[in-house]
Amino acid sequence: VQLQASGGGSVQAGGSLRLSCVASGRTFSNNAVGWFRQAPGKEREFVATISWNGGTSIYADSVKGRFTISRDNAKNTVYLQMNSLKPEDTAVYYCGVWLSSYGNRNGPRYWGQGTLVTVSS
């Protein structure tokens, strides 16, 4: 099982980025997927998760209204559209796959490698 995240980069405050995460090795169309992030010197924290069919999404309060998670099961891919970025969004973003059909804030079973997002003021 491999999860390949991409789309990170440097952007000014107020800008946007779109992260992608492609899963390979097996299909995850019956599993929840989502994102966590880890800022320098801080613990990894939950960002968002989306259910197996895209019908239910959960967001951290800090990103609600600015970030949108989506998935394309045909492509085994999860996306994170990040708008109105703030310097405090600077972190390494990790995608993950839960064993269950609905995700939670506790963390996924499978982790991908991270992609760095840097937001300057």
Side-chain angles (χ1 to χ4, degrees):
V1 175
Q2 289 191 335
L3 300 170
Q4 181 72 40
S6 62
S10 297
V11 64
Q12 289 190 330
S16 299
L17 284 174
R18 188 194 195 203
L19 305 183
S20 300
C21 177
V22 181
S24 61
R26 54 162 287 186
T27 180
F28 292 107
S29 58
N30 294 322
N31 301 80
V33 291
W35 297 88
F36 274 64
R37 68 185 182 185
Q38 187 167 17
K42 295 187 177 181
E43 293 186 353
R44 193 173 296 190
E45 65 174 3
F46 169 79
V47 175
T49 183
I50 187 168
S51 63
W52 68 282
N53 62 352
T56 301
S57 300
I58 303 172
Y59 295 92
D61 288 343
S62 58
V63 307
K64 201 173 296 182
R66 300 187 298 121
F67 290 10
T68 302
I69 189 170
S70 61
R71 65 187 295 165
D72 185 338
N73 285 344
K75 296 181 179 180
N76 237 17
T77 301
V78 58
Y79 304 97
L80 186 68
Q81 178 66 44
M82 305 185 295
N83 299 328
S84 302
L85 283 162
K86 304 175 181 180
E88 51 263 43
D89 294 319
T90 295
V92 176
Y93 285 71
Y94 297 90
C95 57
V97 178
W98 278 253
L99 287 178
S100 57
S101 297
Y102 293 86
N104 52 56
R105 301 170 187 268
N106 296 329
R109 171 62 177 85
Y110 302 106
W111 290 98
Q113 98 295 351
T115 185
L116 176 63
V117 172
T118 303
V119 184
S120 58
S121 57

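- Looking at every heavy atom in both residues, Tyr94 comes nearest to Arg44 through CZ-NH2, 3.5 Å.
- With rounding to the nearest 0.5 Å, the separation of CH2 in Trp35 from CE in Met82 is 8.0 Å.
- Side chain of Thr77 to backbone of Lys75: a donor-acceptor contact under 3.5 angstrom is found.
- Proximity of a side-chain donor or acceptor of Arg105 to a complementary backbone N or O of Thr49 within less than 3.5 Å is not detected.
- Within the 4.5 Å cutoff, the side chain of Asn73 has heavy atoms near those of the Arg71 side chain.
- Across all non-hydrogen atoms, the minimal contact from Ser101 to Asn30 is OG-O, 3.0 Å.
- Residues Tyr93 and Val63 share a single hydrophobic cluster, defined by chaining ILVMFWY side chains whose heavy atoms lie under 4.5 Å apart.
- Linking ILVMFWY residues whenever their side-chain heavy atoms come closer than 4.5 Å, directly or via other members, places Ile69 and Phe28 in the same cluster.
- Considering all non-hydrogen atoms of both residues, Ser62 and Arg37 come closest at OG-NH2, 3.4 Å.
- Ile58 places none of its side-chain heavy atoms less than 4.5 Å from the side chain of Tyr102.
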Evaluate side chain to side chain contact (heavy atoms under 4.5 Å, CB included) for Tyr79 paired with Asp72, printing each intermediate quantity in order.
-> CA-CA 8 Å; Tyr79 304 97; Asp72 185 338; 4.1 Å; yes
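- Within the 4.5 Å cutoff, the side chain of Asp89 has heavy atoms near those of the Arg66 side chain.
- The nearest pair of heavy atoms linking Trp98 to Gly96 is CZ3-O, 3.8 Å.
- Nearest heavy-atom pair, Phe67 versus Val47, reported as atom, atom and distance to 0.1 Å: CD2-CG1, 3.9 Å.
- Ion pairing between Lys64 and Asp61 holds under the 4.0 Å rule for side-chain N and carboxylate O.
- A continuous path of hydrophobic side-chain contacts links Tyr59 to Ile50 [ILVMFWY only; heavy atoms under 4.5 Å].
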Validation: residues 9-27 side-chain donor-acceptor distances under 3.5 Å, sequence neighbours left out:
unit_1 : atom_1 : unit_2 : atom_2 : d
Ser16  : OG     : Asn83  : OD1    : 2.9
Arg26  : NH2    : Asn31  : OD1    : 3.2
Thr27  : OG1    : Ser29  : N      : 3.4

Compile the donor-acceptor pairs under 3.5 Å between side chains in residues 110-121 and protein atoms, sequence neighbours left out, one pair per line.
unit_1 : atom_1 : unit_2 : atom_2 : d
Gln113 : OE1    : Ala5   : N      : 3.3
Gln113 : NE2    : Ala5   : O      : 2.9
Thr115 : OG1    : Gly8   : N      : 3.1

